Student: 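Questions regarding the structure given below will be posed in turn.
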Amino acid sequence: MSVDTTGRHRAQRTHIWRHVPSQADVAVFEAIATPPPAELCHALRWFNHIKSYQSQKNSLPGVKKPLGQYGPAGVGDSTTTVVQKAAADDDDDDEVDLFGSDDEEDAEAARLKEERVAAYAARKANKPTLIAKSSILLDVKPWDDETDMAKLEECVRSIQMDGLVWGQSKLVPVGYGIKKLQINCVVEDDKVGTDILEEHITAFEDFVQSMDVAAFNKI
């Protein structure tokens with residue numbers, strides 16, 4: 001039913017069926033995509049009136065029929081033709097693979113993701129590993145002023161282990177003629193700690209009374 005036909009019909013009757021809103025009005029309303037133009041005042045008034053019933057349209061009286069069965073006498077029912085055309089269009093759509101492209105896109109996305117992961121892993125593998133190191137200044141104290149400090153230092157430097165490099169040293173007076181050995185070393189944090197250094201150094205118990213950490217700095 002065209003908007004023009006609806007307008008002429010509205011000039012004759014308040015609603016499509018009888019004089020109350022019904023399923024006939026709902027069927028025609030749903031078939032009209034936009035409000036009728038202002039010059040079709042009867043049709044526009046009807047459109048706005050039925051629009052106000054949208055929240056209760058399912059409770060309106062009557063049985064919804066094919067659209068072509070509504071309207072003035074003498075207007076043929078073109079519903080069958082419209083339905084057949086819609087069915088034919090659906091058959092054409094069935095021949096189109098609507099999901100094939102999505103599958104292809106998913107496969108392509110997965111492939112690109114794998115390539116990015118592989119590239120990241122390769123970069124990470126080739127990147128030099130940062131080795132955490134620390135510079136430690138040790139105070140090694142003798143038993144008394146008669147301790148051979150040269151021999152004491154020789155004992156300390158004899159400690160060799162992976163991740164340990166001995167540096168400069170000096171003797172520092174502590175009083176009463178006693179001097180302590182202050183010696184620097186660089187260690188790899190994952191391999192050498194102050195506890196293991198103390199254990200090895202104090203093992204020379206004939207020369208070493210104790211060991212203290214004077215300074216500790218991350219490199």
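Please read all numbers here as calculations on a predicted model, not as lab measurements.
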Student: How long is the span from the NZ atom in K141 to the CG atom in D212, to the nearest 0.5 Å?
Tutor: 4.5 Å
Student: Which one of L164, L137, V156, V165 satisfies the side-chain contact (heavy atoms from CB on, under 4.5 Å) criterion with C185?
Tutor: L164
Student: Hey, are K218 and D189 close enough for a salt bridge, meaning a charged N less than 4.0 Å from a carboxylate O?
Tutor: yes
Student: Where the side chain of D148 meets the backbone of A150, is there a donor-acceptor pair that is under 3.5 Å apart?
Tutor: yes
Student: Quick one: closest heavy-atom pair of Q209 and P142, and the distance?
Tutor: CB-O, 3.5 Å
Student: Is there a path of hydrophobic side-chain contacts, each under 4.5 Å between heavy atoms of I, L, V, M, F, W or Y residues, that connects I183 with L171?
Tutor: yes
Student: To the nearest 0.5 Å, tell me how far K170 NZ sits from L181 CG.
Tutor: 11.0 Å
Student: Check the hydrophobic clustering (I, L, V, M, F, W, Y; side-chain heavy atoms under 4.5 Å; chains of links allowed) and say if V208 and V213 are grouped together.
Tutor: yes
Student: Would the distance check show the side chain of D106 and the main-chain N or O of A109 forming a donor-acceptor pair, the cut-off being under 3.5 Å?
Tutor: no
Student: Within a radius of less than 6.0 Å around CD of E115, do more than 12 heavy atoms belonging to other residues, nucleotides or ligands occur?
Tutor: yes
Student: Measure across A214 and D139 and return the closest heavy-atom pair with its distance rounded to 0.1 Å.
Tutor: CB-OD2, 3.6 Å
Student: Between R111 and E114, is the salt bridge (charged side-chain N to carboxylate O under 4.0 Å, His left out) condition met? List the steps.
Tutor: CA-CA 5 Å; R111 184 183 66 80; E114 290 178 358; over 6 Å; no
Student: Would you say that more than 12 heavy atoms from the other residues, nucleotides or ligands in this model lie under 6.0 Å from the CD of E205, or not?
Tutor: no
Student: With a 4.5 Å cut-off on side-chain heavy-atom distances among I, L, V, M, F, W and Y, is there a chain of contacts connecting F207 to I178?
Tutor: no
Student: Which distance, rounded to the nearest 0.5 Å, do you find between the CD1 of I201 and the CG of L152?
Tutor: 9.0 Å
Student: With rounding to the nearest 0.5 Å, note down the distance linking CD1 in I196 to CE in M161.
Tutor: 4.5 Å
Student: Any donor and acceptor pair, going by atom type alone, linking the side chain of W166 with main-chain N or O of I159 inside 3.5 Å?
Tutor: yes
Student: Where the side chain of Q160 meets the backbone of R157, is there a donor-acceptor pair that is under 3.5 Å apart?
Tutor: yes
Student: State the CG-NZ distance between D190 and K133, to the nearest 0.5 angstrom.
Tutor: 11.5 Å
Student: Begin from the C-alpha positions of S135 and N217 and carry the test side chain to side chain donor-acceptor pair (under 3.5 Å) through to its verdict.
Tutor: CA-CA 5 Å; S135 175; N217 296 294; 5.4 Å; no
Student: Show the nearest heavy-atom pair for residues K191 and G163, with the distance to one decimal.
Tutor: CD-CA, 4.2 Å
Student: Any chance you could measure L138, atom CG, to F216, atom CZ, to the nearest 0.5 Å?
Tutor: 10.0 Å
